[in-house]
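Shown next, in structure tokens, is the structure this report addresses.
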Amino acid sequence: MSSFFSSWSWKMAWRDARSNKKRLIIYISAIIVGVAAQVAITSFRDSLNNTINNQSKELLGADLEVEKDDSTFSDVTIAYFDSLGGKQADMIQLPSMAYFPKNGATRLSNIRAVKGNFPFYGKIETEPASAAKLYQEEGKALVDNTLMTQFGINPGDSIRIGNTTIEIAGALLKVPGEAAAASLIGPRIFIPKAKLDTASLIQQGSRVEYKRYFQFEPERDMQQLEESFDPFAERHDLGYDTVEERQEEIGEAIGNLGKFLNLVGFIALLLGGIGVASSIHVYIKQKIDTAAVLRCFGASSNQTMSIFLIQAVVLGFAGALVGTLLGIGTQYLLPSLVSEFLPVQVELTVSWLAIGLGLFTGTGVALVFALMPLLALRKASPLYTLRTMEGSLMRLLNNKTKWFIYGLIAATVAGYASLLTEDLFAGTMFTIGMAVAFGLLLLVAKALIILIQKFFPSHWSYVWRQGLANLYRPNNQTATLMLSLGLGMLLVSTLYFSQDMLMKELNFATRDDAPNLIFFDIQSDQNEGTTELIKERGAPILQNVPMVTMRIDSLNGRSAEALDEDSTLDIRGWALRREYRATYRDSLMESETLLKGDFIGQAESGSEIFPVSPAQEIAEDLNLALGDTLIFDVQGVPIKTYVSSIREVDFQRVQPNFFMVFPTGVLEQAPQIFVTVTRAADRESSADIQQAVVQRYPNISAIDVSLILQTINQLIDKISFVIQFMALFSIITGLIVLASSVATSRFQRIKESVLLRTLGASKKQIIKIISIEYLFLGILSALTGLLLSVGATWLLGYFYFDLVFVPNLWVIGGGTLIITALTILIGMFNSRSIYKKTPLEVLRLETT
Amino acid sequence: MSSNTILEVTNLTQEFRSGDKNLTVLDHVDFSIEEGTVNAVVGPSGSGKTTLLGLCAGLDRPSAGQVILKGINIGVLNEDERAEVRNKHVGFVFQTFQLIPTLTALENVMVPLELRGKATGEVKEYALSLLNDVGLGDRTHHYPTQLSGGEQQRVAIARAFINKPDILFADEPTGNLDTETGGTIEDLIFDLNKASGTTLVLVTHDLELAKKCQRVIQLKNGKIFQDNWNDNTEKLEQVS
């Protein structure tokens, strides 16, 4: 250690670095981008957390939010609310069709009927700004800006919701605590609560959320309030959220996103590490003679190593510093990428934590990855002054040291990944995953090289044979490039292929015979009329399904509450507590397969117990077996059932699918609503059918599947863009590693090229040999990465999405072509001095 | 070991593993070298000359036998201890000059003394005077690639003498130079050696150069074939 701090070591490090600037810059360049990615994400995450802390109350818009699904607050609850004091506001939230008389456009929207001064914290942003303040007193509506833009609606136009027509006060730009992307899923429409009462929207089976917001005086002890409120909420089936909880939920969600992006960025840093390892390896190998001379004249092994260790540390730090500055700059690009997903407008600050982390990790990664060649240099014998060292640099290290360094690298990666994810298990799994990916890439690289050697095309012309043979000659750069480029390709292509696979599956629903328009909330007396309206417009009725809401009262004689409280049972609580929307019919659907028992389509008249068929998923969650008895509370009426069969249901089909199916002859008299599925020929026809139905029955809602697909596509596009942006860091690092690898290997290739030229090879031949080598390197790296990503996507599809992945050969071909072209371009650019100068000039220049 | 002996080699053996065979490069070699003498080690290629030089200078450890340099048994020292011995007592001149390419001529010369922790100013002054002595006073800030072969070897000679070594090992010092330059370098080595009273061990193929030495040790197949003082020209020609 003392050698590291001795002035001689620093002096020598400086003297040596002076004339190696180019090579040393190559050495640091690989880690710059990786550090930048880390710093950008960490700094942005920090800024976001600070913003969330500063704007915590705005996330909820109140101090307390209490919620009840599907039924209004009881008198007891309202009395309790009154006893809590503070300022209060009400919101009723439900999905409903919005109809714009101006052009007849309709769209399923998220209606929010507000009474009171909500939000208490933060403000609703509108255009014009005054609309947010006036819409309640003037009895007007605020409509999501995206919807207004989409349908060409302006303030002053009107909107019809249910039976009521309301003037639009302005465009809704931002709701505190909500991400803009929320509007993609359900465009928000704010109306005064009084308007909802006249709209007659809330009907049998409507999905409605009733919310009450509270603002308390600042000194109110929220913890105490929560403690006393919690048992009441439990008893009255109320959900509630405090500022702290909302902050935690959002913080967790953002934290998870940040952790994921940080890991993607970390991969770039790891690739940079490989770049460092590869370039310093070559650099140190060239320093063996210098080390031997120094040893000869009395330098100790530590003194010799210190010279290059100082260079590694200083340059690692310099790279980390540049990367950190770049990262801070990049941070300013991130809000525009993710702002739509964030519930707050981020106040960007420079995070000292991110800067510290960037400097520390950048220097650390550079050092850890440089350790192997540095320790090898320590073993350089002074005898190399008399006899040239033969074989690889790594030969100087014994296996124990090598495994120690591999272990150190793995521990560093796992430690840092655990720090990023705040989870040791996740960090370890990430490290194992990376090790597997690295291992596979190396394995494929090795296998390809063996195949090339085995099936070497000896009949090819000299330049082709020479170019191809360079892939497995000593000092080849095949493994390094395959690893760096291959990993970048693997990452980006897996993201692309997964998105492609999901979108293909979703688009499957838009094939010619698939349903694309679903009407729901159809009341019994509206069912016939709706069917007629659809048929009149030439659309088929693909399904017309009754739907009855119910809850589980008891299972095998034990009440749902008792089962829920019994922690010894393997039953999911949510499955016991949820509201079921069941149907009845006499046969199975095309999307259903009988797994166990007999599906009974017709109930025996006069029977007291009826057969029911749960879907496999819910049967598992409720731990149901054939013959188990269930009593359902069908809106006050107990219906006793037994499990007669279990179905496998393809829930991915665009159609109503049910967890519970009853036979006919049981539920016909129960209050029910209907769902009708049809297929509109085109966008216009779809709009026409929706308009007709909504005009006659304003409470009925419609889902336009193609619109939903378009929305999902937009969302996936946006999310994958963010991920791909981070993966881009890996690609850039891959290209820098490629450039540095080419540049460092140039020193290895020089002698051979000069020899060839001395022996009479023309410039053209040298260029051909070099370009052929990079052609193969590009093709092999890209193909390896792509093939592994096909495998990874297939595994994802098989185990996670339950989809069969069929790779797009055009993408594979295109990707290979681009990467190969880039490899050749960078390779040729960096090698230009070899073939542009005379052999003697090259030797003089490059051996300095 | 007599009081004048600077280097004593006893029963020195060096073996290398080559595939599944053991190659004996030096086979029980014994000799000693007196302080202030000029010695040549000659022999055909593969006779073990360079291996012998490496072992005598403490660049490597022998398979058997011992090397005592300035009274220190260097075979039992570890690598760093041997480095210290080299720094204090040994100078080197190599066939391929072995200048550090990233250092200027002056910096190359300064290295051995700087390693001892001497103040830069003092070292620099002495290095400049040595560079003047070898005729390179005007090329001190040139890098090795900016110097001719002869100039590079002169820098190497200056470097070899800067730590005032007790013994100087020169491995084919003129092997990479043309006859004329080689002659100049020979003269330079002998002159500086004479002036400083250093013991000189020259490994060479060059019989003319060997003739200029007081003692010639001839190696053949890893053994000392002849060890002669003074008038030895005729016999040398016979074995080489």
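We name chains A, B, ... by the order of the sequence lines, and we start the count at 1 in each one. Since the model is a prediction, treat every value here as computed from it, not as a measurement.
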Would you give the length of the straight line joining atom CD1 of Ile157(B) to atom CG of Leu188(B), rounded to the nearest 0.5 angstrom?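 Those atoms lie 4.5 Å apart.
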To the nearest 0.5 Å, tell me how far Asn302(A) CG sits from Ser9(A) OG.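 Nearest 0.5 Å value for the CG-OG distance: 9.0 Å.
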Among Ser381(A), Cys296(A), Ala292(A), which has the most heavy-atom pairs under 4.5 Å with chain B?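 Most heavy-atom pairs under 4.5 Å with chain B: Cys296(A).
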Any idea which of Leu386(A), Asp289(A), Leu294(A) has the most non-hydrogen atom pairs under 4.5 angstrom with chain B?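 Looking at each of Leu386(A), Asp289(A), Leu294(A) in turn, Leu386(A) comes out on top.
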With a 4.5 Å cut-off on heavy-atom pairs, point out which of Arg116(B), Glu79(B), Glu107(B) contacts chain A the most.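 Winner by heavy-atom pair count: Glu107(B).
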Side chain, backbone, both or neither: which part of Phe94(B) has a non-hydrogen atom closer than 4.5 Å to chain A?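 Just its side chain gets close to chain A.
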Would you please indicate yes or no on a ring centroid separation below 6.0 angstrom for Phe5(A) and Trp10(A)?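 Distance test on ring centres: not under 6.0 Å, no.
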Is it the side chain or the backbone of Arg18(A) that comes within 4.5 Å of chain B heavy atoms, both, or neither?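 The answer is the side chain of Arg18(A).
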Walk me through it: do Ile767(A) and Met828(A) pass the test side chain to side chain contact (heavy atoms under 4.5 Å, CB included)? CA-CA 8 Å; Ile767(A) 292 172; Met828(A) 296 308 292; 3.3 Å; yes
For a 4.5 angstrom cut-off between non-hydrogen side-chain atoms, does Phe161(B) reach Ser196(B)?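 Yes. Closest side-chain heavy atoms under 4.5 Å.
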